[in-house]
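A note on names: the letters A, B, ... follow the listed sequences, proteins ahead of strands, and every chain is numbered from 1.
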Amino acid sequence: MLRFVLKRLLSLVISLAVASVVIFLFVEVVPGDPAAYMLGMNAQEDTLAALREQLGLNGTLVERYLSWIGGMLRGDFGTSYTYRTPVAEMIGERIWISLPLAVYALTLSTLIAFPAGIWAASKRGSLADVLVMGFTQLGVAIPNFWFAMLMVLLFAINLRWFSAGGFAGWDAGFLPAMKSLTLPAVALALPQASILARVMRSSLLDTLGEDYIRTARAKGLSRRQALWRHALRNALIPVLTIIGLQFSFLLAGAIIIENVFFLPGLGRMVFQSIAARDLIVVESVVMLLVFAVILVNFLVDVAYAVVDPRLRVKA
Amino acid sequence: MSLLQVENLNMNIHGIPILRNVSFGVKAGEILGVIGESGSGKSMTALAVMQLLPVGSVATGRVSLNGHEMLELDEEALCKLRGNEVGMVFQEPMTALNPIQTIGRQVAETILIHENVSRREAMARAAEALRRCELPQERFPLSRYPHELSGGQRQRVVIAMAIALQPKLLIADEPTTALDVTTQAEVLRLLKRLAQEDGMGLLLITHDLAVVADMADRIVIMRKGEVVESGPCPAIFSTMEHPYSLALLEASDHQPERAGHVFDAPLLSVRDVVRDYALPRESLFGGAKHFRAVKGVSFDIRRGESLGLVGESGCGKSTLTRAILGLEEVQGGEILLDGEPVFSGKRPNRAVRRKMHVVFQDPYGSFNPRWKVSRLVAEPFHLLDAPPEGREREAAIIGALEKVGLGAEDADKYIHEFSGGQRQRIAIARALIIKPELIILDEAVSALDVSIRAQILDLLADLGTRFGLTYLFISHDLSVVKNVTDRCLVMQAGEIVEEGVTDDIFERPQHPYTKELIGAVPQLPEKRQA
Amino acid sequence: MNRSLILGALLSAVFVIAALVSFVWTPHDVLGLDIPNKLKEPGGAHLFGTDHFGRDIFSMVMVGARTSIAVAVVAVGIGMLLGVPLGLAAAARTGTLLDEVIMRGNDLVFAFPSLLIAIMITAVFGASAVNAIIAIGIFNIPVFARLVRGASLSLWTRDYVLAARVSGKGAARISFEHILPNLTNLLIVQGTIQFSLGILAEAGLSYVGLGAQPPTPSWGRMLAESQTMFSFKPHLAIFPGLAILLTVLGLNLMGDGLRDWLDPRLRRTKR
């Protein structure tokens, strides 16, 4: 098991290294002179030189890459050109909106999807199954930001249960802060939950057809017992894959949803930076999000090994 | 009174009749063998006794198990009986166990489900059940997972689960079909011993007459959902009357008539062949390790000869087959067909490969489902430098189909329109179309029912005589090899341990492994004198 | 044929036809401003009402279908054109360095959701519909490569592939004669699903300004433009959103229906 985790950890580091090279090349090399790009056409020669100096653009490519990576490892992401503040500080503030939002949504979607999927599979062909499948079909098709707008219309503007946007701040207390994240989290979670519930159902139906379920029934287990004791954990393996894959969609969704609710998270920051041509901020946020995706996939791999003993020896 | 009494059992699935008026009984301590080919309804009979029928089935009649009317009980009552009074063992041990639970937990579950005992006690009793099934704790601790065990060992775990509560009746549905012959013999012995020790009734379902002939007290022969004949064993072998039973008996030990001429010159020579496989690397920096699947094998096949190659799974016979076919390069030695190497200069030798073709085991996986028969049969033309075209090509395809007993009208069909036996005929037609000299039969009849198998063996013998073909007959099934080959090789762990004239090997085996192998083959009683 | 296939095909056809018709005819001009008629409620001359510039929303939804479908089709095309050969090659050479490079490359691309690719492209080159196509297309490559590799690996173990090798056929020929034809069903089904995901992704990118730029009408941007007004003029947001929902729903139903219809295993059990 330890060997397995170490191996995965190694491939995590390699993935991160390669991803960072790709991002670095794309953002710092493809535009030619990033300083000229950021300042636009009418830049003065001396401001350009100052910015080049500030960005460390005077070294060789390898030196620049290494100093970028070295800085990030120490928590130094450089200084934003437009805000004149360290990028690490900006991210540090905003991540406390984006990260809780993503975790909140992932939790909600799992809590909805698992019971719905299991219920539909255990009552295959019944009204319950048809209802779950129908609702999830809608949930998969609905664009989450549009769903968010509809919820704002209903719950914020008509019913006035929630505010239409903005973030109460963690200083205002846990519950008010969570309340302002609730509509965004639900908007993110429901489409995710629909996909997950469908995967859960079909995976469970597949495992229920396996030979070992028949063996379990021959031992005297009821249909229900066979499902809970033997089918469920085996069915989790494909579900985990989807959770891992969905996480990147969730992150992307969170960035978009922040715009609907005017939440001052990473998403808002990155779009403002694009408009302001602040490449340093864009580069750092992209790297951070890619890190999150790769990390989640690593965790999913480890979770596989926990669920399935066969993987602990192999791979 | 019988332990299990089945009377006039009828069953439909979605209105299609599966069983018709099936009746038989099993007494305590008795072994009843149920024989039938595919589609005979033998497995459905077992599932009807367990009341684990597929959705949409309707069973009528009477199934009485130890006084319980199985067809009338509700699901809750049935759950109390399953595993407790009746246990069941299935065909495929590789998939019958939950891959992510330890074997101890799975065996203990039988006990925990039915009795109100502590987990610790259930585990202790599971260990005992496994020990009875010859999986002692010292070598097979309860914490093992199924993937750490071989097929035979997994089947013992399944048996341990079924007998943990010492049920009155054990149903075994083809319990040894997926196992090697020596393992089969051990598992059958185990089942017989358990039945005797516990005074348990055993319902043994199989397609193989010889398997039950050795151990059953009574035999029921089924066909298309009906019982055609039944009686005490082995007496039934000399009294059976029904034409189907007699045909089945004949087909089970079928000896096709062969009359080819064997020349002295070798057609295929295999010299000191070594085949290594790279194992998956254990660490990133360590050197690659190798597994030697074939360890310096040498033999000849003479022109016109039929040579058998027998061995159990993992002995290297499939690897050797691929090397002979020129699909993979060997790491040592050489393979010559008609004096020419099959693999030269890192590439397969086309001119040599034209002289041989192959027929595989699986009649379902051997054909691209999206191609018509004409295209499938003509595929080996790819080996020719100037393949026939137009009418000539068509004539060749039809000729090949007619040789195997099919017709021109079959050329335009897709493969799913044919039965297993017909598909094997098409595979033979595909092999024949480039007029090869050597045909390699890789388990070519192993997946077929015995009556179909007999027909295909006759066809092969006939073609061999007519076209002077040479056969390399690779099989795990010794009884077939015995009947269709002139000489025979026995392979174990990558080496040929014995070689000789087939009859000599079967009558006077020399090597201990050959003796074990032949001793393990279930025997039919001596045929009734005509 | 089954119900979801028919329903899904009908729904999708409505939007495809709307997109095609929009090339030659729309009820109103979508580029011209008509300020006196701005923010009209649905009904009368404007079936879906008008936006803050007085443009006809029904016409804009029609033209928006064009943008969405074009982006999604090209993006899926890119994914298939590059992903399928990569997957076939990886499966044909499984266990070799080529396979390893292709699969690790796939993993790397999977770490970049299309939104991140779009963000990077836009940050460097500025926003356009082409960015959306490239971003979604790149993300589709590993989707198809993985799918094709996985399915091909199991086909490579079939005896008919072995028979083809015995007949002297090479890996490339086997991939195209034996493997690819047996993957068509799978590719049709996955293509439909990726198509619907592409529509959703395009809408999301346009909504945050990383996709089609004004004046090209697009469903996502219509929603973005309605943001400040939809609380009192909900029709601005309802119709473009419904268009996305129904198109994606139609494609998903079609995908499910095709899966059942094309999979001979399922068909046999149903009969």
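- Proximity to chain A is absent for every atom of C/Phe232, based on heavy atoms less than 4.5 angstrom apart.
- Both the backbone and the side chain of C/Thr122 come within less than 4.5 Å of a heavy atom in chain A.
- Note that CG of C/Leu116 is 10.0 Å distant from CG of A/Leu288, once rounded to the nearest 0.5 Å.
- For A/Phe249, the part lying under 4.5 angstrom from a heavy atom of chain C is the side chain only.
- Once rounded to the nearest 0.5 Å, the distance linking CD of A/Gln137 with CG of C/Asn252 reads 5.5 Å.
- Both the backbone and the side chain of C/Ile119 come within less than 4.5 Å of a heavy atom in chain A.
- Rounding to the nearest 0.5 Å places CG of C/Leu210 at 5.0 Å from CD1 of A/Ile274.
- Using a 4.5 Å heavy-atom cutoff, the side chains of C/Val208 and A/Ile255 are not in contact.
- No more than 12 heavy atoms of other residues, nucleotides or ligands lie within 6.0 Å of CZ in A/Phe291, so this atom counts as exposed by the packing criterion.
- Proximity to chain C is limited to the side chain of A/Val282, based on heavy atoms less than 4.5 angstrom apart.
- The parts of A/Ile256 that come within reach of chain C are both its backbone and its side chain, each placing non-hydrogen atoms under 4.5 angstrom from that chain.
- Shortest non-hydrogen contact noted between A/Val290 and C/Phe112 is CG2-CE2, 3.6 Å.
- Other residues, nucleotides and ligands place no more than 12 heavy atoms under 6.0 Å from the CZ atom of A/Phe135.
- For CZ of A/Arg124, the number of neighbouring non-hydrogen atoms (other residues, nucleotides, ligands) closer than 6.0 Å is 12 at most.
- Both the backbone and the side chain of C/Leu242 come within contact range of chain A, with heavy atoms under 4.5 Å apart.
- With a threshold of 4.5 angstrom between heavy atoms, A/Arg198 approaches chain C through side-chain atoms but not through N, CA, C or O.
- Between atom CD1 of residue A/Ile142 and atom CG of residue C/Leu200 there is a gap of 10.0 Å, rounded to the nearest 0.5 Å.
- Between A/Pro143 and C/Ile244 the shortest heavy-atom distance is CG-CG2, 3.4 Å.
- For the residue pair A/Leu153 and C/Pro234, the shortest heavy atom distance occurs at CD2-CB, 3.8 Å.
- Contact of A/Val140 with chain C is made through backbone and side chain together, with heavy-atom distances under 4.5 Å.
- C/Ile238 touches chain A through backbone and side chain together, each having a heavy atom under 4.5 Å away.
- With a 4.5 angstrom heavy-atom cutoff, A/Val152 touches chain C only via side-chain atoms.
- Atoms CZ and CD1, on C/Phe110 and A/Ile294 in that order, are 13.0 Å from each other to the nearest 0.5 Å.
- A donor-acceptor pair shorter than 3.5 Å cannot be found between the side chains of C/Gln227 and A/Asn259.
- In this structure, the side chains of C/Ile121 and A/Phe26 come closer than 4.5 Å at one or more pairs of heavy atoms.
- Contacts with chain C were tallied for A/Ile23, A/Leu150, A/Val22; A/Ile23 has the most, counting heavy-atom pairs under 4.5 Å.
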